[in-house]
Number of protein chains: 2
Amino acid sequence: MASDLNKHTYSSLLTRINTAASETTLIRRPDPGEFIDLLKLAVPGASRPIEEVIKDAHEIFSFRIAVSHPRFFSCIPSPASPLSKLGDCLTTAHNPFGGSWEASAGVCTIETGLIKWIAQIFGLPSSAGGQFVSGASMANLTAMVVARDQTLRVEERSNGVAYISEQTHFCVRKALRIIGIPDHQIREIKTDSKFRMNLSLLEKTIDEDLQNHRKPFLLVASCGTTNTGSIDALEDLARIAQGRRMWLHIDAAYGGSVAFSETHRSKVKDICFADSVAWDAHKWLFQTHGCGAVFFRDQSQSLESFSSTGDYVRDVECQEELPDPWNYGVELTRPARHMRLWFTLQVLGLQKFDQMICHGFELSRHLECMISTLDDWEIISPSSLAILNFRYAPQGVDLATLNQLNEAISKEIASRDVAVIFTSHLDNLVCLRMCTINPETSKDDIEHVVKSLDNIAREVHSPSRKEVLWRE
Amino acid sequence: MASDLNKHTYSSLLTRINTAASETTLIRRPDPGEFIDLLKLAVPGASRPIEEVIKDAHEIFSFRIAVSHPRFFSCIPSPASPLSKLGDCLTTAHNPFGGSWEASAGVCTIETGLIKWIAQIFGLPSSAGGQFVSGASMANLTAMVVARDQTLRVEERSNGVAYISEQTHFCVRKALRIIGIPDHQIREIKTDSKFRMNLSLLEKTIDEDLQNHRKPFLLVASCGTTNTGSIDALEDLARIAQGRRMWLHIDAAYGGSVAFSETHRSKVKDICFADSVAWDAHKWLFQTHGCGAVFFRDQSQSLESFSSTGDYVRDVECQEELPDPWNYGVELTRPARHMRLWFTLQVLGLQKFDQMICHGFELSRHLECMISTLDDWEIISPSSLAILNFRYAPQGVDLATLNQLNEAISKEIASRDVAVIFTSHLDNLVCLRMCTINPETSKDDIEHVVKSLDNIAREVHSPSRKEVLWRE
């Protein structure tokens with residue numbers, strides 16, 4: 001077994017870690033026959049040679065959208081550093097039990113120290129703490145449980161009201177539903193022209209709820225919305241929340257990473273006003289999937305929601321001030337998700353992170369500059385945290401046709417294997433949305449993509465080529 | 001970078017994957033100085049040589065209890081197969097986005113097929129489905145959200161009652177609190193002499209609640225309790241739940257793996273009665289931490305609780321019958337947790353899994369047999385699913401002293417680096433609890449451990465050596 005593992009791991013695993021994503025095609029989908037084959041392959045049976053299984057594994061993984069490709073610009077790209085992969089492989093090799101300090105004193109101490117340090121660059125006080133979770137869905141959920149428990153008595157829960165904006169990530173509403181706050185207790189506040197929560201509408205809505213004897217308890221702000229990279233007016237929202245004794249949760253899943261860049265940190269400095277923060281290292285901090293974190297201004301508040309125990313762990317429970325992670329979050333058994341980030345930060349150093357984050361901002365400004373100067377194109381939402389929304393909009397074409405045109409451009413540039421640029425909806429306009437945070441993306445890539453977009457736009461818009469517009 | 005990664009990964013990562021856990025000490029804790037050093041090491045700064053960081057990483061990981069060691073018998077041991085580690089490293093190298101079918105068609109199809117196959121060996125119908133999650137805490141939580149949503153109208157929630165047993169894992173009560181079912185809506189039913197939920201007490205409690213116009217909605221059964229490996233009377237519980245239109249959730253986090261053994265599958269055949277099931281592959285199926293799953297008798301029910309969407313993913317949403325995992329569970333971004341299990345199953349084959357699971361049963365029976373024939377020792381809970389509780393109990397010694405004696409034995413055998421055997425509480429008795437599922441544990445290990453236990457017991461109980469009993 002051991003020699004098998006050595007031989008094949010070396011040839012296969014490491015080659016893969018070091019393979020540049022740019023060497024692959026952008027999208028591979030299984031055809032119906034391949035789909036059936038995959039379903040069959042899922043089922044175990046007799047033992048099979050490891051070489052064969054490794055080959056199958058690579059084939060399975062190959063059916064995907066290459067979200068780490070330098071010309072994948074959709075959703076939030078996942079440009080994971082090879083160092084994050086290596087750090088996570090090292091962690092897997094040791095397989096620590098991340099739920100208990102006693103069971104994994106080393107990794108738990110690193111987690112405590114790293115969380116404290118990140119809380120500090122977010123501007124949170126020394127009372128702050130938190131833990132790593134699988135991502136923002138879990139971070140938001142964990143924070144909302146504590147928000148609920150700190151602000152509402154059990155008998156008040158069905159009367160509590162939470163406030164989000166129409167640009168709040170959909171996992172926030174989902175988390176609220178999960179913890180027992182149904183839709184009729186959630187207010188979705190409209191956004192202003194910069195896609196930030198409209199403050200006067202928010203105050204008006206809260207006041208109405210108070211007049212109706214409801215109990216406003218939670219205000220969810222965004223630091224880096226997924227659609228447009230917008231940052232809500234965090235300081236103003238903090239003032240509104242404090243004045244009404246509401247909990248301020250900041251979803252900084254995307255934007256929080258900017259705090260790791262000394263150059264750009266000031267853009268997100270108002271995270272410091274949060275009672276709780278959700279953040280993803282697997283977005284703009286170049287980590288593999290499953291690396292997010294939740295922070296609390298006062299760590300002890302999460303203990304009140306999550307502390308619990310069992311007979312069979314009585315000998316490993318910490319008697320001291322060292323926190324057992326299982327008492328501060330949802331999970332008992334959990335992997336040590338932070339070690340990959342620790343590893344990447346140590347090897348690359350903070351200056352390199354600053355450069356990598358700066359690069360994303362620069363690409364986005366370069367893109368914005370190019371689009372602005374092109375005929376028949378318009379910016380819908382300016383570059384914010386390296387996200388730009390724009391569209392092809394020649395004069396004299398009606399909205400429905402423009403929307404179809406931009407959808408066709410999005411499909412065509414992917415089918416030509418040039419770039420993945422999904423559309424988004426902003427105020428009923430179908431936009432092309434590009435998030436340019438991949439450090440492997442070059443200015444040449446951006447220029448090539450813009451040129452291709454423009455060529456494709458003129459092709460699909462040409463009356464003689466109408467069929468292109470409508471093809472799937 | 002690439003060559004650095006190759007060189008150091010080869011020498012360090014693979015050596016570690018192949019290092020037998022038995023070669024290490026059982027417990028290493030940081031002393032106060034080392035603890036301070038670890039906290040300092042957590043904080044990033046300037047770039048550091050990769051060799052140095054890898055060395056530090058191994059040092060960090062070394063402060064732990066060796067939960068995969070063949071003589072670690074506490075909690076549920078984590079005897080992860082090297083193949084699980086390799087499978088997970090391959091997954092990390094590809095870093096698929098496991099939340100969306102379109103983004104990762106290959107791994108999502110394997111997940112669908114594998115979940116369907118496991119549901120089948122659990123005896124669930126073809127309508128069943130589910131998904132991989134980080135572990136039983138999340139699996140139980142996910143199931144309970146669906147149970148709540150399928151059985152209670154929103155306005156009934158504060159009146160709903162959930163039934164667990166006093167041996168139910170503590171993460172179940174915690175999950176209920178998280179989703180908004182507070183303690184006063186949870187009934188903890190006493191267990192019978194075999195630590196199974198007492199059926200007549202359960203029925204009596206439900207009837208009382210009904211008379212008080214409460215709404216019983218959820219019955220949580222255990223298939224393999226953590227303390228004693230007990231299996232509740234699942235078929236009887238199913239009858240009780242069905243008769244009262246309650247949801248039957250089975251926490252098979254530990255016991256579910258027995259369904260992978262053709263030899264022992266019949267022991268857990270009544271999982272088939274569940275509306276939902278929680279199961280951990282990182283317990284008795286030899287996977288690395290963070291590999292659990294949740295199952296639903298009717299997969300579509302989870303869609304009703306978790307379906308949600310956002311503007312920026314409109315182009316990747318599945319139009320067909322292919323399920324996007326994010327709509328069937330809590331998380332959006334999620335790693336492909338199942339690929340390590342798929343990999344291990346394919347390489348080892350089902351027959352090997354049967355043998356590995358059988359080995360655990362055999363070790364436990366061997367241990368039980370040895371303890372039964374030793375003077376002054378008694379079995380407190382017989383071998384069930386490879387878990388045995390027993391204690392040193394010489395005649396004429398009062399209960400308090402016996403409890404202290406057994407605690408001292410547990411501490412002493414660990415401090416001698418022979419074995420980790422934590423104590424558990426069963427009916428006020430402090431027991432030594434051994435879970436013998438590690439395939440690397442030999443009968444010789446068991447015999448050595450029993451001999452050591454007996455020697456230590458007689459030493460700590462000797463009046464002339466009284467100080468040993470009381471030392472920390």
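The basis for the numbers below is simple: all heavy atoms, side chains too, and nothing from hydrogens, waters or symmetry mates. Proteins come first, then strands; the chains are lettered A, B, ... in the order of their sequence lines, and each starts at number 1.
Residues B:Thr333 and A:Ile76 fail the side-chain proximity criterion, which asks for heavy atoms closer than 4.5 Å. Using a 4.5 Å cut-off on side-chain heavy atoms (C-beta onward), B:Val43 and A:Lys116 make no contact. A 4.5 Å side-chain heavy-atom check between B:Arg64 and A:Pro96 finds every atom pair outside the cut-off. Inter-residue side-chain proximity for B:Ile50 and A:Leu83 is flagged as met; some heavy-atom pair is nearer than 4.5 Å. A heavy-atom distance below 4.5 Å is found between the side chains of A:Phe170 and B:Leu332.
Of the two parts of B:Ala105, the backbone and the side chain both hold a non-hydrogen atom closer than 4.5 Å to a non-hydrogen atom of chain A. Using a 4.5 Å cut-off between heavy atoms, B:Val330 contacts chain A through both its backbone and its side chain. No part of A:Ser158 comes within reach of chain B, as not one of its non-hydrogen atoms sits under 4.5 angstrom from that chain. Contacts of B:Lys352 with chain A are absent, with no heavy-atom separation under 4.5 Å from either backbone or side chain. Only the side chain of B:Leu141 comes within less than 4.5 Å of a heavy atom in chain A; its backbone stays farther off. For chain A, no part of B:His338 is nearby; none of its heavy atoms comes within less than 4.5 Å. B:Thr92 touches chain A through backbone and side chain together, each having a heavy atom under 4.5 Å away. Looking at B:Phe306, the atoms closer than 4.5 Å to chain A (heavy atoms on both sides) sit in the backbone and in the side chain alike. With a 4.5 Å cut-off on non-hydrogen atoms, B:Thr91 touches chain A through its backbone and its side chain both. Heavy-atom distances place the side chain of B:Val154, and not its backbone, under 4.5 Å from chain A. Residue B:Arg337 touches chain A through its side chain alone, counting heavy-atom pairs closer than 4.5 Å. The part of B:Arg148 that comes within reach of chain A is its side chain, from C-beta onward, which places non-hydrogen atoms under 4.5 angstrom from that chain.
Within a 6.0 Å radius of CD in B:Gln351, no more than 12 heavy atoms belonging to other residues, nucleotides or ligands are found.
Counting heavy-atom pairs closer than 4.5 Å to chain B, the top residue among A:Leu114, A:Leu41, A:Val107 is A:Leu41. With chain B as partner, the option from A:Leu38, A:Ile115, A:Thr112 having the largest number of non-hydrogen pairs under 4.5 angstrom is A:Leu38. Between chain A and the residues B:Cys108, B:Gly292, B:Ala136, B:Gly106, the largest count of heavy-atom pairs under 4.5 Å involves B:Gly106. Counting heavy-atom pairs closer than 4.5 Å to chain B, the top-ranked of the candidates A:Ser84, A:Gly113, A:Gly290, A:Gly45 is A:Gly45. With chain B as partner, the option from A:Val67, A:Val145, A:Asp88, A:Thr288 having the largest number of non-hydrogen pairs under 4.5 angstrom is A:Thr288. In terms of heavy-atom pairs under 4.5 Å with chain B, the best-connected choice from A:Arg334, A:Arg340, A:Met339 is A:Met339. No other option in A:Ile27, A:Ile110, A:Asp280 has as many heavy-atom pairs under 4.5 Å with chain B as A:Ile110. Annotation: maximal heavy-atom pairing with chain A below 4.5 Å, among B:Gly180, B:Pro182, B:Ala93, B:Gly349, occurs at B:Ala93.
Once rounded to the nearest 0.5 Å, the distance linking CG of A:Leu86 with SG of B:Cys89 reads 9.0 Å. The distance from atom CD1 of B:Ile178 to atom CD1 of A:Ile179, rounded to the nearest 0.5 Å, is 9.5 Å. The CG atom of B:Asp149 sits 9.5 Å away from the CZ atom of A:Arg177 when rounded to the nearest 0.5 Å. Here CD of A:Gln287 is found 9.5 Å from CG of B:Asn95. Values are rounded to the nearest 0.5 Å. Atom CZ of residue B:Phe422 and atom CD of residue A:Glu102 lie 7.0 Å apart, to the nearest 0.5 angstrom. Between the CG atom of A:Asp37 and the OG1 atom of B:Thr109 there is a distance of 11.0 Å, given to the nearest 0.5 Å.
Every side-chain contact (heavy atoms from CB on, under 4.5 Å) that A:Cys171 has, sequence neighbours left out, goes to A:Ser137, A:Asn140, A:His169. Under the side-chain hydrogen bond (donor to acceptor under 3.5 Å, both in side chains) criterion, B:Asp56 pairs with B:Arg48, not counting sequence neighbours.
Nearest heavy atoms, B:Trp342 versus A:Ala42: CD1-O, 3.7 Å. Nearest heavy-atom pair across A:Leu90 and B:Ala57 is CD1-CB, 4.4 Å.
Ring geometry, B:Phe61 versus A:His94: the interplanar angle falls under 30°, so the pair is classed parallel (tilted spans 30 to 60°).
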